[in-house]
Amino acid sequence: MVANGARGERGVLIVVEGLDRAGKSSQCEYLRNFLVQSGHSVKYIRFPDRTTSIGKQIDSYLRGQSQLDDHSIHLLFSANRWELAQSIESDVASGTSVIIDRYSYSGAVYSAAKANPSLSLEWAWSPEIGLPQPDLCLFLQISPEEAAKRGGFGGERYENETMQVRVRELFKTVFDLQRRADVRTVDAGRPLQEVSQDISNIITACITRVDRTSPLQKLTSLSSGAMDS
Ligand code: Z5A
Ligand code: MG
């Protein structure tokens with residue numbers, strides 16, 4: 001695998017998505033080590049980034065310590081990505097690969113899963129348009145039964161059966177519509193090492209395939225993603 005920096009190429013932008021307890025953060029950690037050992041400079045970001053002032057408002061909302069209108073919290077999640085967008089772009093441009101744990105796809109589907117009549121999936125996607133488009137999105141798929149074996153729901157908002165069922169369906173819809181995105185579904189219900197092995201194979205192929213002399217693209221509207229394909 002050709003490490004970043006070689007021939008002045010940019011880094012790659014990889015997003016890891018999936019349902020609750022699919023193992024996203026565990027696999028991001030694995031992926032970071034895998035890329036570092038392969039000679040890459042790597043940054044790991046997770047959304048929500050609860051450290052910023054916007055992130056602190058999100059954290060309080062998720063813990064049930066504050067109440068916010070559905071649209072307002074949705075826009076805060078998006079703003080939390082926008083506040084890091086420039087630094088992601090400049091890191092990637094200077095040869096650092098960036099791994100992101102949850103991104104715009106989670107942003108759109110969790111809000112749309114609330115089934116608020118004035119918060120459609122299209123509406124939820126709109127503020128994401130123009131953010132850096134990942135070179136690859138790994139979608140960690142897990143059945144409700146396998147997820148349940150990893151412990152019960154935690155105490156945060158959205159950690160309940162009704163939300164998770166809707167979120168599962170909406171992830172399918174958003175990936176069908178955003179066909180520009182290179183999405184690879186990984187069966188995450190298997191032992192950690194088996195999942196990691198699949199991920200390293202997919203990443204190695206992605207790094208070879210991506211044209212790292214061209215800049216990152218931007219996320220487009222959901223419908224334009226479908227029409228272009
Ligand atoms: N949200 C939103 O509404 N809008 C947005 O724009 C964004 C997010 C970005 C908090 O997210 C909530 O915010 C989330 C979506 C919403 N709500 N829900 N549900 P978060 O990312 O901060 O949530 P988290 O705390 O990281 O939980 P998680 O993502 O569900 O977990 P995970 O990262 O997928 O799993 P993990 O922490 O790696 O592993 C979970 C456990 O399973 C742990 O004990 C592991 O050791 C174990 N594990 C992992 N993999 C395996 C395998 N393969 N076998 C056995 N056990 C395993
Ligand atoms: Mg996580």
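In listed order, ligands and their atoms are each counted from 1. Along the sequence shown, the residues carry numbers beginning at 1.
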Ligand 1 versus [X], non-hydrogen atoms closer than 4.0 Å: side chain, backbone, both, neither?
| X | value |
| --- | --- |
| Q164 | side chain |
| L62 | side chain |
| R81 | side chain |
| E194 | neither |
| P191 | backbone |

Self-check item: Heavy-atom gap R190 to ligand 1 smaller than 4.0 Å
Solution: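 In this structure, R190 qualifies as a contact of ligand 1 - some heavy atom is under 4.0 Å.
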
Practice problem: Please confirm whether Q27 comes under 4.0 Å of ligand 1, counting heavy atoms of the residue only. | Solution: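 The answer is no, since Q27 has no heavy atom less than 4.0 Å from ligand 1.
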
Without swapping roles, check the side chain of [X] against the backbone of [Y] for a donor-acceptor pair under 3.5 Å.
| X | Y | result |
| --- | --- | --- |
| W125 | T220 | yes |
| E29 | K24 | no |
| E128 | Y105 | no |
| S78 | H74 | no |
| K56 | R50 | no |
| S111 | A108 | no |
| R150 | A22 | yes |

Quiz prompt | Ring geometry between F34 and Y30 (parallel below 30°, tilted from 30 to 60°, perpendicular above 60°) | solution =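 Judged by the thresholds at 30° and 60°, the geometry between Y30 and F34 is parallel.
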
Between [X] and ligand 1, does any nitrogen or oxygen pair lie at a separation below 3.5 Å?
| X | result |
| --- | --- |
| E156 | no |
| G23 | yes |
| A22 | yes |
| Y103 | no |
| R21 | yes |
| D101 | no |

What is the closest protein heavy atom to [atom], and at what distance does it sit?
| atom | answer |
| --- | --- |
| atom 34 (O) of ligand 1 | K24 NZ, 2.6 Å |
| atom 44 (O) of ligand 1 | R150 O, 4.9 Å |
| atom 18 (N) of ligand 1 | Y110 CE2, 3.5 Å |
| atom 25 (O) of ligand 1 | R46 NH2, 4.0 Å |
| atom 43 (C) of ligand 1 | S26 OG, 5.0 Å |
| atom 37 (O) of ligand 1 | S25 CB, 4.1 Å |
| atom 22 (O) of ligand 1 | R50 NH2, 3.1 Å |
| atom 5 (C) of ligand 1 | F77 CD2, 3.2 Å |

Quiz item: Do S26 and L192 come within less than 4.5 Å of each other through their side chains, counting heavy atoms only?
Solution: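 A side-chain contact under 4.5 Å exists here.
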
Quiz item: Quick one: does S118's side chain get under 4.5 Å of H71's, heavy atoms only?
Solution: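 Counting from C-beta outward, S118 and H71 do come under 4.5 Å.
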
Quiz prompt | Residue among R10, R184, R212 satisfying salt bridge (Lys or Arg N to Asp or Glu O under 4.0 Å) with D135 | solution =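 For D135, the salt bridge (Lys or Arg N to Asp or Glu O under 4.0 Å) test succeeds with only one of R10, R184, R212, which is R10.
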
Quiz item: Which value, rounded to the nearest 0.5 Å, describes the distance between K114 atom NZ and R157 atom CZ?
Solution: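 K114 NZ to R157 CZ: 7.0 Å, rounded to 0.5 Å.
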
Quiz item: For ligand 1, which atoms sit closer than 4.0 Å to a heavy atom of D20?
Solution: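 Those qualifying, in numeric order: 19 (N), 28 (P), 30 (O).
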
Self-check item: For G107, the ligand 1 atoms whose distance to one of its heavy atoms is below 4.0 Å
Solution: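 Close to G107: 4 (N), 5 (C), 6 (O).
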
Quiz prompt | Nonpolar side-chain network containing L119, other nodes, edges under 4.5 Å | solution =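 Other cluster members: L75, W123.
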
Quiz item: Under 3.5 Å, is there a donor-acceptor pair linking the side chains of D211 and S214?
Solution: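 Looking only at side-chain atoms, S214 and D211 do form a donor-acceptor pair, the distance falling under 3.5 Å.
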
Quiz prompt | All ring pair (Phe, Tyr, Trp, His ring centres under 6.0 Å) counterparts of F77, not counting sequence neighbours | solution =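 Applying ring pair (Phe, Tyr, Trp, His ring centres under 6.0 Å) to F77 gives none.
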
Practice problem: Please name the pair of heavy atoms, one in A85 and one in L131, separated by the smallest distance, quoted to 0.1 Å. | Solution: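 So the minimum-distance heavy-atom pair works out to CB-CD2, 3.8 Å.
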
Practice problem: Could you tell me whether atom 8 (C) of ligand 1 has at least one protein heavy atom nearer than 4.0 Å? | Solution: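 Protein heavy atoms within 4.0 Å of atom 8 (C) of ligand 1 - there is at least one.
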
Self-check item: Closer than 4.0 Å: a protein non-hydrogen atom to atom 32 (P) of ligand 1
Solution: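 At least one protein heavy atom is under 4.0 Å away.
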
Practice problem: Around the Mg ion (ligand 2), list the protein N/O/S atoms within a radius below 2.8 Å, excluding water molecules. | Solution: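 Listed by chain and number, the atoms are S25 OG.
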
Self-check item: Option whose closest heavy atom lies nearest to atom 3 (O) of ligand 1, chosen from F153, F47, Y158
Solution: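 Of the listed residues, Y158 has the closest heavy atom.
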
Self-check item: Test salt bridge (Lys or Arg N to Asp or Glu O under 4.0 Å) applied to E146 - qualifying residues, sequence neighbours left out
Solution: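 E146 satisfies salt bridge (Lys or Arg N to Asp or Glu O under 4.0 Å) with K149 once adjacent residues are dropped.
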
Quiz item: Does a side-chain N-to-carboxylate-O contact under 4.0 Å join R21 and E159?
Solution: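 So R21 does not pair with E159 through a salt bridge.
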
Quiz prompt | With I14, the side-chain contact (heavy atoms from CB on, under 4.5 Å) member among V210, I203, I202 | solution =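 Result for side-chain contact (heavy atoms from CB on, under 4.5 Å) with I14: I203.
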
